[in-house]
Novice: 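Below is a structure I'd like to ask you about.
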Protein chains: 2
Amino acid sequence: MGIPEVQTESLIKDTAKALFFQKGVLNATTQEIADEAGVNRALIHYYFRSRELLVDTLLEEAVNEKRDRIRSILASERPFREKILLYIDAVVDQGLKYPHLENFIITETARHPDKMKILCPKDRVKSSDMIRKDLDEEIQKGLIQPVSAEHFIINLLSLCNYPLLAKTVVQNMHGMSDTAYRKFLQDRKDIIYQTLFNETAPGILRKEEHSAEVHSIKKTAEQKKE
Amino acid sequence: MGIPEVQTESLIKDTAKALFFQKGVLNATTQEIADEAGVNRALIHYYFRSRELLVDTLLEEAVNEKRDRIRSILASERPFREKILLYIDAVVDQGLKYPHLENFIITETARHPDKMKILCPKDRVKSSDMIRKDLDEEIQKGLIQPVSAEHFIINLLSLCNYPLLAKTVVQNMHGMSDTAYRKFLQDRKDIIYQTLFNETAPGILRKEEHSAEVHSIKKTAEQKKE
DNA sequence: CCTTCGTTTAACAATTTTGTTAAACATAAA
DNA sequence: TTTATGTTTAACAAAATTGTTAAACGAAGG
């Protein structure tokens, strides 16, 4: 049978992701996608039937990936504050890689709220429930102000995602170059933690920025147990 | 001369705003706009030359309005924390009225970063400079954790705007109805203040939700001076 | 070698969308 | 009433965009 040089279907998907999530062409044409992928436009219809179905596929993968990321961090066995640190790191780093992913999700789910419902069955455990116990403990100890798990999560999402979403606004408001903006986002990781917990973030995590992740974090975990 | 029944130009603009900012049809067609306004499509080109120029006009007005709103609050003579409270109130309330305004600005400025530069001349006083003195005072008194004015402003913007931008995401994540969502946003006003200042927001403001604004706030100002 | 079948292509058709234009219209002024 | 001018309309043209289809292609299997 005719075997494609590469897996055309995923080539198209990857190209579309690059266009939508990285370059920010949220209304990229089937022609643009095909050109960028170096394939015939008809192939998009061959594999996905229509532009909309391709977009649906991208949305589904993006949402699932994002949700799994949150859950795997929140479900881990680390101390609460470390989970949050990890999450901040993950979101900001991913935001730098795919600057328009969040905007894509927001725009698309705003246009078709039903799709979101299909993607997120309500029988699942809510992420707010996953932190409620830890959070209430923090509150009871008087470490942070009383706040519902629902609001706390949205605080976290807001502080992480908005600066990514509103890149141009932020840059312009503060007169920042692209590199200044990137540094700003790196600095923000600590600021977000500090804003949520009203306490300077443990620096150890950031020392070896590039190499270690899990290792240094695990160490921090032990240290914090005290 | 031929005088229109209403000012057609502003009718078109207002209709477009309703479509873009309220209904969230960020890619509304000239035909859709014309239909919604009940005018001939050609009039859009007569008054604005092209769809893009109409969009530019909307963007400019939206950005200016939003910026003026921030500045007039920050420039007022109230105590710092009251300004912030006022700002939170203003943004959330406006966000409920024009749910897609922020998304419009973000999407449009992401597509054409240059337009943003034109709209915001850099010789203007930065809004971060307008709060730096007050903020540093708070920090020095040990009332809040050390944070740059730049980050503090983005914290504020993030906490206010993201839940509006990501309505569907938030709603779905917490399984909220539309009314539950609206209540959530109202509650958030206090949460945002509390998150920024690590202290419960003075309740007086919210008691008489509908009638007073400036009056009750002024009172609070006096009370806080102590 | 030739058939088969999944893949790919080019060409076509239909629809949508934007932009233009000449003529119709309405009112104020002459 | 006529004229002049700004406004509105319908009709047209052009471009962009999506979706379909029949034919070409190319390797695997007989």
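Order of the sequence lines fixes the chain letters, A, B, ..., with proteins taken first and strands second; residue numbering starts at 1 for each chain. In what follows, every heavy atom counts, from backbone to side chain, and hydrogens, waters and symmetry copies are set aside. Since the structure is predicted, the reported quantities are computational estimates derived from the model, not experimental observations.
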Novice: Under 4.0 Å between a side-chain N or O of B:Y47 and OP1 or OP2 of D:dT8?
Specialist: yes
Novice: D:dT18, OP1 or OP2 - any side-chain N/O from A:S50 closer than 4.0 Å?
Specialist: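 Looking at the OP1 and OP2 atoms of D:dT18, neither is under 4.0 Å from any side-chain N or O of A:S50.
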Novice: Evaluate whether atom CZ of A:R182 has more than 12 neighbouring non-hydrogen atoms of other residues, nucleotides or ligands under 6.0 angstrom away.
Specialist: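 Open.
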Novice: Using atom CZ of A:F48 as one end and atom P of D:dT18 as the other, report the distance to the nearest whole Å.
Specialist: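 So the CZ-P distance, A:F48 to D:dT18, works out to 15 Å.
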Novice: Starting from C1' on D:dA11, measure out to NE2 on B:H45 and report it in whole angstrom.
Specialist: 15 Å
Novice: When you get a sec, tell me which of D:dT9, C:dA10, C:dG19 is the closest nucleotide to the side chain of B:A42?
Specialist: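 For the B:A42 side chain, the nearest candidate turns out to be D:dT9.
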Novice: Of all the nucleotides listed (C:dT8, D:dT8, C:dG19), which has the minimum atom distance to the side chain of A:Y46?
Specialist: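 Comparing C:dT8, D:dT8, C:dG19 against the side chain of A:Y46, the answer is C:dT8.
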Novice: Whether the B:S72 and B:D68 side chains hold a donor-acceptor pair (N or O, under 3.5 Å, no angle test) is what I'd like checked.
Specialist: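 Absent: no donor and acceptor within the cut-off.
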Novice: Counting only non-hydrogen atoms, which of residues 23-36 of chain A are less than 4.0 Å from DNA chain D?
Specialist: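 DNA chain D contact set from residues 23-36 of chain A: A:T29, A:T30.
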Novice: Among C:dT18, D:dT8, C:dT9, which is the nearest nucleotide to the side chain of B:T8?
Specialist: D:dT8
Novice: Using whole Å, what does the distance between atom P of nucleotide C:dG19 and atom CD of B:E52 come to?
Specialist: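 Those two atoms, CD and P, are 8 Å apart.
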Novice: Between C:dT17 atom P and B:R41 atom CZ, what is the distance in whole Å?
Specialist: 10 Å
Novice: Test side-chain contact (heavy atoms from CB on, under 4.5 Å) on B:R51 and B:V55; report intermediate values, then the result.
Specialist: CA-CA 6 Å; B:R51 182 189 184 281; B:V55 171; 3.7 Å; yes
Novice: Nearest 0.5 Å please: distance from the CD atom of B:E65 over to the CG atom of B:L101.
Specialist: 8.0 Å
Novice: Which of the following nucleotides, D:dG6, C:dG6, C:dT18, is nearest to the side chain of B:R51?
Specialist: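 Side chain of B:R51 sits closest to C:dT18.
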Novice: Using whole Å, what does the distance between atom C1' of nucleotide D:dT8 and atom CG of B:L43 come to?
Specialist: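 The answer, rounded to whole Å, is 5 Å.
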Novice: Who are the side chain to side chain donor-acceptor pair (under 3.5 Å) partners of A:E52, not counting sequence neighbours?
Specialist: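 A:E52 satisfies side chain to side chain donor-acceptor pair (under 3.5 Å) with A:K115 only.
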Novice: From CG of A:L11 over to C1' of C:dT8, roughly how many Å is that when rounded to an integer?
Specialist: 13 Å
Novice: Going by an N to O cut-off under 4.0 Å, is there a salt bridge joining A:E150 and A:R132?
Specialist: yes
Novice: Enumerate, atom names and distances included, each donor-acceptor pair closer than 3.5 Å involving a side-chain atom of residues 151-160 of chain A, sequence neighbours excluded.
Specialist:
unit_1: A:H151; atom_1: ND1; unit_2: B:R188; atom_2: NH1; d: 3.3
unit_1: A:N155; atom_1: OD1; unit_2: B:R188; atom_2: NH1; d: 3.2
unit_1: A:N155; atom_1: OD1; unit_2: B:R188; atom_2: NH2; d: 2.6
unit_1: A:N155; atom_1: ND2; unit_2: B:T195; atom_2: OG1; d: 3.0
unit_1: A:S158; atom_1: OG; unit_2: A:I154; atom_2: O; d: 2.6

Novice: Round to the nearest Å and state the distance from B:I44 atom CD1 to C:dT17 atom C1'.
Specialist: 12 Å
Novice: Rounded to the nearest Å, what distance is computed from the CD atom of residue B:E9 to the P atom of nucleotide D:dG6?
Specialist: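 Going from CD in B:E9 over to P in D:dG6 covers 14 Å.
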